[in-house]
Q: 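Sharing a structure below in structure tokens format, with a few things to ask.
Atoms within each ligand, like the ligands themselves, are counted from 1 in listed order. Side chains included, hydrogens not; waters and symmetry mates left out as well; all remaining heavy atoms used.
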Amino acid sequence: MKQGIKYTGTPSWEELESAPGRPSQQRLEKGPVAFIECVQEIPCNPCEKACPFQAITVASPITNLPRLNEEKCTGCGICIASCPGLAIFKIDLNYSPTTALVEFPYEYYPLPEEGEVVPCANRWGKFVAQGKVLKIKNPRTYDGTSTIAVEIPKAFYLDVRTICRKEDY
Ligand code: SF4
Ligand code: SF4
């Protein structure tokens with residue numbers, strides 16, 4: 001089967017590895033940081049405008065892939081809800097000695113509860129591991145997109161990108 005976003009709607013590992021929005025392993029080890037999984041050259045740049053620290057650059061032409069300046073990124077997570085493609089995540093790899101935090105956009109209802117343990121899923125919506133919902137954000141400025149932060153076993157930080165729909169568990 002052909003891999004990649006053009007064929008599956010989901011980026012392949014090769015596409016993710018070469019995305020200029022992906023932080024280095026060294027930066028991931030340092031603390032919370034944006035993880036931009038934008039791999040299609042489409043005319044789009046809300047992420048660039050959303051970042052208060054100028055850590056994301058699209059520039060010109062507008063079809064450039066967003067580039068993350070990982071040293072400028074504070075891991076605030078503000079850019080997550082700005083992306084119409086739901087392609088921006090936040091990773092805190094060393095949230096605890098055994099767990100990582102993954103924050104992602106979520107546009108389904110009902111939302112889970114903070115503190116709830118929920119099944120977490122990969123980019124294809126397949127179950128990966130149980131995770132604990134730490135924080136749900138849905139301010140007016142997010143324009144209807146919520147963000148959910150889950151604590152998961154550290155080994156799955158590259159896989160978990162959402163939670164299973166509540167009606168499925
Ligand atoms: S997490 Fe915050 S600082 Fe980092 S790119 Fe997103 S908006 Fe900018
Ligand atoms: S807002 Fe999302 S889809 Fe648009 S350029 Fe930024 S990361 Fe890519």
Q: What is the number of protein N, O or S atoms that sit under 2.8 Å away from atom 2 (Fe) of ligand 1?
A: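 Step by step: take atom 2 (Fe) of ligand 1, keep protein N, O, S below 2.8 Å, and you get 1.
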
Q: Using a 4.0 Å cutoff against the non-hydrogen atoms of Ile56, which atoms of ligand 1 qualify?
A: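 Answer for ligand 1: 5 (S).
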
Q: Judged by atom type as modelled, is there a donor-acceptor pair below 3.5 Å linking the side chain of Arg140 to the main-chain atoms of Gly144?
A: no

Q: Determine the sole option in Thr162, Val133, Ile136 for which the side-chain contact (heavy atoms from CB on, under 4.5 Å) test with Val150 is passed.
A: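 Testing Val150 for a side-chain contact (heavy atoms from CB on, under 4.5 Å) against Thr162, Val133, Ile136 leaves exactly one candidate, Val133.
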
Q: Applying salt bridge (charged side-chain N to carboxylate O under 4.0 Å, His left out), name anything that partners Lys90, two or more places apart in sequence or on another chain.
A: Glu103

Q: Tell me whether Asn45 contacts the main-chain N or O of Glu48 through its side chain, where contact means a donor paired with an acceptor under 3.5 Å.
A: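 Side chain of Asn45 to backbone of Glu48: no pair is present.
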
Q: For Lys154, which residues count as a side chain to side chain contact (heavy atoms under 4.5 Å, CB included) partner, sequence neighbours excluded?
A: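 If we apply the side chain to side chain contact (heavy atoms under 4.5 Å, CB included) test to Lys154, skipping adjacent residues, the hits are Leu93, Asn94, Ala100.
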
Q: Taking 2.8 Å as the distance threshold, tell me the number of protein N/O/S atoms next to atom 2 (Fe) of ligand 2.
A: 1

Q: Decide whether a cation-pi geometry holds between Arg22 and Trp13; the criteria are a distance under 6.0 Å from NZ or CZ to the six-membered ring centre and an angle within 45° of the ring axis.
A: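 No cation-pi geometry.
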
Q: For the pair Glu37 (side chain) and Leu16 (backbone), establish whether a donor and an acceptor sit closer than 3.5 Å, ignoring hydrogens and angles.
A: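 Such a contact is absent between Glu37 side chain and Leu16 backbone.
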
Q: So does Lys30 pair up with Glu71, basic N to acidic O under 4.0 Å?
A: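 Yes.
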
Q: Using modelled atom types and a 3.5 Å cut-off, is there a donor and acceptor pairing between side-chain atoms of Thr57 and backbone atoms of Ala59?
A: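 The answer is no, because no donor-acceptor pair under 3.5 Å joins these two groups.
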
Q: I'd like to know if the side chain of Arg161 reaches the main chain of Cys120, judged simply by a donor and an acceptor atom lying under 3.5 Å from each other, with no hydrogens or angles considered.
A: no

